[in-house]
Amino acid sequence: MIEITDLGYRAGDTEILRDVSLRLEPGGITALIGPNGAGKSTLLHCIAGLLPGPSGRVTIDGLDPMTAPARDRARRVALLQQSPTVVSRLRVQELVSFGRWPHHQGRPGPEDREQVARALADFALEELADRPLDTLSGGQRQRAFIAMTHAQDTPWVLLDEPLNALDPRHARDLMARLHHLSRDGSRSIVIVLHDINAAAGWADRIVAMKDGRVEAHDSASALLTPGTLGAVFDTPFEVLEHGGRPVVVTR
C-alpha cells in the first residue's frame, strides 16, 4: 500500500501540493485525473522520492522513499516520466535492459535476461528489439520505454501521461496491455491520464485532483458523475453508459 499523509510541496513561492492524504491500495490500476496544474505529476515524483523537501510523509509498503537508499527505492517503485529523452542510436533491447540496473548493478545474469525478454514480449517488441529508437513510431517508442519500466520488476509502477501523442489505436492497445499486467496482483499501476474515458474504461480506482488537493477518490463508476467532474474541471459534463462502462462527454 502507498500511504500519503499531509503531503505538501512548494516550488519557490508556488504551492503545488496542499495537505494531500491518500491511501492507494495494491493491485490493479489507479488513475490520477484533473486539470493542468492540479499537481498530478508532482505527486508521482513525491511518491517516487525524486523531489527534495516535501512536507508530510509517504510510505510504499512501509518504505520511506525520501530516505531509503536509491537501490532499495528502485526495487520498490518505478517511475516513467513524461517525454523521456531518446538516445538516437540506442536499440530497443538495450533500452529495456536498463530497467534491470537496480538488480544487477552492471552484472546481468540469466534472470535479468529473462526479465528483459519477458518485457519485450509483454509489449510486442520482439521484432523491434534490434531497431534503433529513432526509427520507431511514437507508439512503438512509448511501448519501449514502458517495457523498460516493466523490466524493473517493481511492485509499484508510476506512469506520467503515457498516452500523450498516441493515436486512439495505440492508446487503447497500451491501456489493454497495462490492464492485463495488473490483473494478477503482483503489479500495481498508478497512471496520470488526461483522457477521462481511458480512466473510465481501464482504471479500477480514480483519484481526482484540483489545485494541489485530492477532490475525490473512488471507483470509476462512483467518481465519474457530472457533479464531481464539473467541480474538478470547471466544465459541464454528461456521463452516459455504453457496454457497462461510463462514457464522459462535455456539454
No-hydrogen, no-angle side-chain donor-acceptor test under 3.5 Å, Arg57 and Thr5
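Result is no, nothing qualifies.
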
What distance do [X] atom [atom1] and [Y] atom [atom2] have between them, rounded to the nearest 0.5 Å?
X      : Y      : atom1 : atom2 : answer
Arg141 : Asp134 : CZ    : CG    : 8.0 Å
Ile206 : Ser221 : CD1   : OG    : 9.0 Å
His45  : Asp160 : NE2   : CG    : 6.0 Å
Leu224 : Leu240 : CG    : CG    : 12.0 Å
Met1   : Ile60  : CE    : CD1   : 13.0 Å
Arg183 : Leu178 : CZ    : CG    : 10.5 Å

Check the pair Arg76, Asp64 against salt bridge (Lys or Arg N to Asp or Glu O under 4.0 Å), reporting the backbone distance first and the verdict last.
CA-CA 10 Å; Arg76 191 70 56 88; Asp64 184 341; over 6 Å; no

Taking [Y]'s backbone N and O only, do any of them form a donor-acceptor pair with [X]'s side chain (distance below 3.5 Å, no angle check)?
X      : Y      : result
Gln152 : Ala74  : yes
Lys40  : Ile191 : no
Arg205 : Glu25  : yes
Arg71  : Pro102 : yes
Asp6   : Gly56  : no

I want to check something: taking the side chain as every heavy atom from C-beta on, are [X] and [Y] in contact at a cut-off of under 4.5 Å?
X      : Y      : answer
Pro54  : Leu17  : no
Thr250 : Phe233 : no
Leu43  : Leu7   : yes
Asp173 : Arg143 : yes
Pro108 : His103 : no
Arg73  : Val77  : yes
Leu193 : Trp202 : no
Leu24  : Val207 : yes

Which one of Leu229, Thr228, Thr225 satisfies the side chain to side chain contact (heavy atoms under 4.5 Å, CB included) criterion with Val239?
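When Leu229, Thr228, Thr225 are each tested with Val239, the side chain to side chain contact (heavy atoms under 4.5 Å, CB included) holds only for Leu229.
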
Sequence neighbours left out, what passes salt bridge (Lys or Arg N to Asp or Glu O under 4.0 Å) with [X]? Give chain and number order.
X      : answer
Glu15  : Arg18
Arg172 : none
Asp234 : Lys210
Arg187 : Asp153

Strictly by salt bridge (Lys or Arg N to Asp or Glu O under 4.0 Å), give each pair with a member in residues 101-117 just once, sequence neighbours left out.
Arg100-Asp112

Do Trp156 and Asp61 pass the side chain to side chain contact (heavy atoms under 4.5 Å, CB included) test, and can you show the C-alpha distance, the side-chain angles, and the key distance before you say yes or no?
CA-CA 10 Å; Trp156 289 91; Asp61 299 331; 3.2 Å; yes

Report whether Leu63 and Leu51 are members of the same hydrophobic cluster (ILVMFWY, side-chain heavy atoms less than 4.5 Å apart, transitive linking).
no

Show me the donor-acceptor pairs within less than 3.5 Å that the side chains of residues 117-129 make with the rest of the protein, sequence neighbours left out.
unit_1 : atom_1 : unit_2 : atom_2 : d
Arg118 : NH1    : Gln115 : OE1    : 3.3
Asp122 : OD2    : His150 : NE2    : 2.8

Could you please spell out the steps behind the side chain to side chain contact (heavy atoms under 4.5 Å, CB included) verdict for Leu174 and His170?
CA-CA 6 Å; Leu174 180 55; His170 284 101; over 6 Å; no

Verdict with reasoning, Ile33 to Val232, per side chain to side chain contact (heavy atoms under 4.5 Å, CB included):
CA-CA 9 Å; Ile33 67 171; Val232 169; 5.6 Å; no

